[in-house]
Each structure stands twice: as C-alpha cells, then as structure tokens.
Amino acid sequence: DAAVHRSAIESGRRPDGRKIDEVRELYVEISLLERTHGSALFARGNTQALAAVTLAPPGAEQLVETMEQTGKRRFMLHYNFPKYSVGETGSFRGPGRRDIGHGALAEKALRPLIPTQEEFPYTIRVVSEILSSNGSSSMATVSACSMALMDAGVPMKKPAAGIAIGLMSDEARHRVLTDIQGPEDHYGDMDCKVAGTRDGVNAVQMDVKVEGITLEIAREAMERAKAARLHILSQMEVAIREPRAELSPYAPRVITLRIDPSRIGELIGPGGKIINGIVERTGILSIDVEQTGEVFIAARRPEAAELAKREVESLFRDYLVG
C-alpha cells in the first residue's frame, strides 16, 4: 500500500510502468458473433467485455411494477461478471448486488442515446459478458454495448465510452491517475467512473477512501476523463463509425401503423379471434396494439409483415357510397 502510494505521488511511477495519464492498450472488434443481432468486443488491457444485442417486438417490453410506480422498459442492459474473469472458481447463480449496480451504471450512460419508439419500434436488450477483468469492467461495458448497438442497426444518437480515474494523495500532494487497474483501485484513494459522448457526460459514479476530494481534484479528474474518453471513442470509430443501415437478417422486422383508438376492439375481435387469425394466416410473429391506436406488426420476413399490414388496413377501409 505505502510503496504503491509513495511511488505514484513522488515520481509518477505506476505498478505497470504507465504514465499517469496513459490509457492501456485498446482492442475493438464488431460482428464476431454471427448469429446475434449485433455484437462487439472491447478490451482495455486485461479488461475485456463482450456485448450481444437482441431486438424484439414492442410486446416484449419488461413490465416493471413497484410500490411507487408501474411502467415498461423497452431498453435493458444486463451485466454478467463470472468468477473466471478474475481467475477464481465458484458457482453460477443469478446476478448479485455488484452485477446489478454495474449494469445500472452502464445503462444510465447509454439510455439518453437510445432512439424513441417512434424512431425505432423495437424492444432492445444488450448483455455484457465480462471475459476478463482488471480495472473498470463497467466502463468497458459502456464501450462494448455502444458498438454492439450500432452493429445491430440501432440508430444511436452518438457513440459512448467510459473510463475510471483514480487518485493517490497525502497531506500535501496528490496525483490523479487515468485508467486505474487492480492495485491502484485497491490501494488508491478514489475510483471515479465517468461515461459519456464526445459532447458531454451521461453517468458518473465515484467512491473515495479519504475524507473527500477538493474541487481542484474533481476538475482535474473530469478533464482527464474527457481526454481518455475522446481517445477511446476515436479507437472505437475505427471499428464502427455509425449505426448500420440494415438490421441483421436474424432480427425481426417491425412495421408500424395507426388505427382509430375507438375501433381497437374490431381488430382484436371476440376473444382475440380476428387478431389471432391474422397472425396464423400470415405466419408473422405477433401484432401488438397500444391504447393510442398504434399497431406494431412483427415478422421474420418483410413480405409476411406487409401481408399482415394489408389485412389490418382492409379491416378499417372506409367505403364511400357510390
């Protein structure tokens, strides 16, 4: 503890020999899982995150019911941190407190960049599998998931990335460290995770082992985080610069149309007879109807979706006398 601290403060030397503002070597790759709707691998030193995206019709939204509110989630980010990623053995159970917290942080960073349902009528789930971890896998998750979403054809507003900033300090001096790894997190005084785009910050999480930090340290940490974020984003753009124009051939196709909300019952029919009949005849996946009168038709093949769309439209065609 004392040796790592002293070396960093007095000479700016870090356990792995990096400069205090140096990001570890980066590696990025997209579309490495051919059967998923989108995928990406992001590696920063020994920290590796593999992200996979699944697109589904709007009816697959997660229903969230709490004591305070009821609602639906159409964008979900799940983070898995298996024992083997840190060289340990153990049982595979459900996500723990840490997994849920890290997933929530990465989701917070990406949520503002997700298109609205009107722009992109899909339910979106992205899962980050941590293959190896040595420092800030939650920030690697932001980068991996951002690339995987663009690989899946989700029209993201901008790509996002994240970095962890650390601190070594004593009574008189301090050093702010970019891209901390295991020993610097364990023996250091701060772990400040900052995620965002080229234009700003979307999510921050900080824990400190000292009494607190000064405004000067906070400002320096945010400046370091910005420089590292821009460096990471430029590397990510080498692999993928903007969302794909076409969805994966394995992803469902969703067509949206609008009907008179007062006539929704005509589409559903007694006991769902009409709507289920259209699904069976056309071989589509589903028809989802919102209270607003929006109708979402999901199919594996675009031609099946168009056939179902014509059937729905024929139910609501207004005939003029003569």
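Excluded from the calculations below are hydrogen atoms, water molecules and symmetry mates; all remaining heavy atoms, backbone and side chain alike, are included.
Inter-residue side-chain proximity for M156 and L110 is flagged as met; some heavy-atom pair is nearer than 4.5 Å. Residues L55 and F120 have side chains in contact (heavy-atom distance under 4.5 Å, counting atoms from C-beta outward). Residues I114 and I124 are in side-chain contact: their nearest non-hydrogen atoms beyond the backbone lie under 4.5 Å apart. Between K158 and D199 the shortest side-chain heavy-atom distance falls below 4.5 Å. Between K309 and V312, the closest side-chain pair of non-hydrogen atoms is not below 4.5 Å. Side chains of S39 and I30 form no contact here, defined as non-hydrogen atoms less than 4.5 Å apart. Between T292 and P261, the closest side-chain pair of non-hydrogen atoms is not below 4.5 Å. I287 has its side chain within reach of V295: a pair of non-hydrogen atoms, C-beta onward, lies under 4.5 Å apart.
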Just do the side-chain contact (heavy atoms from CB on, under 4.5 Å) check on I278 and L267 with the steps written out, would you? CA-CA 10 Å; I278 295 173; L267 172 59; 4.2 Å; yes

Pair V53-T36, side-chain contact (heavy atoms from CB on, under 4.5 Å): steps then yes or no: CA-CA 7 Å; V53 174; T36 60; over 6 Å; no

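Counted by atom type alone, E220 and H174 present one or more donor-acceptor pairs between their side chains at under 3.5 Å. Donor-acceptor pairing under 3.5 Å is lacking for the side chains of Y27 and E25. Using modelled atom types, one finds a donor on one side chain and an acceptor on the other under 3.5 Å when comparing Y79 with S137. Side-chain contact of R244 with S31: a donor-acceptor pair under 3.5 Å is present, judged by distance alone. For the residue pair S85 and S133, no side-chain donor N or O sits within less than 3.5 Å of a side-chain acceptor on the partner. Side-chain contact of Q181 with D16: a donor-acceptor pair under 3.5 Å is present, judged by distance alone.
Scanning both residues, A144 and A49, for their nearest heavy atoms gives CB-O, 3.6 Å. The two residues S138 and L105 come nearest to each other via the heavy atoms OG-CD2, 3.9 Å. Here the closest heavy-atom approach between residue L41 and residue M147 is recorded as O-CE, 3.7 Å. Minimum heavy-atom separation, A251 to L247: CB-CB, 4.4 Å. For the residue pair R241 and M150, the shortest heavy atom distance occurs at O-SD, 4.5 Å. Nearest heavy atoms, A195 versus M139: CB-SD, 3.9 Å.
Side-chain atoms of E22 come within 3.5 Å of backbone N or O of K19 as a donor-acceptor pair. Side chain of S314 to main chain of E311: a donor-acceptor pair is present (N/O by atom type, distance under 3.5 Å, no hydrogens or angles). Formation of a donor-acceptor pair under 3.5 Å by the N134 side chain with backbone atoms of G182 is found in this model. For D191 (side chain) and D207 (main-chain N/O), no donor-acceptor pair under 3.5 Å exists by modelled atom type. Of the possible polar contacts, none joining the S286 side chain to the A298 backbone as a donor-acceptor pair under 3.5 Å is found. Without hydrogens or angle criteria, R44 side chain to S136 main chain gives a donor-acceptor distance under 3.5 Å. Looking only at distances, no side-chain donor or acceptor of N202 sits under 3.5 Å from a matching main-chain atom of G196. Of the possible donor and acceptor atoms, one in the side chain of E119 sits under 3.5 Å from a partner among the backbone N and O of T116. Checked by atom type and distance alone, the side chain of T123 never pairs as donor or acceptor with a backbone atom of R74 at under 3.5 Å. Panel note: side chain R14, backbone I20; a donor-acceptor pair is recorded below 3.5 Å.
The residues K226 and D21 are annotated as not salt-bridged, no charged nitrogen and carboxylate oxygen being separated by less than 4.0 angstrom.
A search for side-chain hydrogen bond (donor to acceptor under 3.5 Å, both in side chains) contacts involving S169 returns D189, not counting sequence neighbours.
A distance of 7.0 Å separates CG of L77 from OG1 of T141, quoted to the nearest 0.5 Å. Rounded to the nearest 0.5 Å, atoms NZ (K209) and CG (D185) are 5.0 Å apart. Note that OH of Y122 and CZ of F296 are 11.5 Å apart. Values are rounded to the nearest 0.5 Å. One finds the OG1 atom of T178 at 4.5 Å from the CZ atom of R224 (value rounded to the nearest 0.5 Å). We find the NE2-OH distance between H37 and Y250 to be 9.5 Å, quoted to the nearest 0.5 Å. Separation of atoms CZ (R175) and CZ (R13) is listed at 12.0 Å; rounding is to 0.5 Å.
Between R73 and the options E107, E61, E65, a salt bridge (Lys or Arg N to Asp or Glu O under 4.0 Å) holds for only E107.
Residue V194 belongs to a hydrophobic cluster whose other members are V201, V204, M222, with links defined by side-chain heavy atoms closer than 4.5 Å.
Geometrically, R111 does not engage F75 in a cation-pi contact, judged by NZ or CZ lying under 6.0 Å from the ring centre and within 45° of the ring axis. Geometric assessment of R98 against the ring of F81 yields a positive cation-pi assignment under the 6.0 Å and 45° thresholds.
Crowding of K83 atom NZ: a count of heavy atoms from other residues, nucleotides or ligands under 6.0 Å not exceeding 12. Counted within 6.0 Å of CZ on R18, heavy atoms from surrounding residues, nucleotides or ligands total more than 12; the atom is thus considered enclosed. More than 12 heavy atoms of other residues, nucleotides or ligands sit less than 6.0 Å from atom CD of E118.
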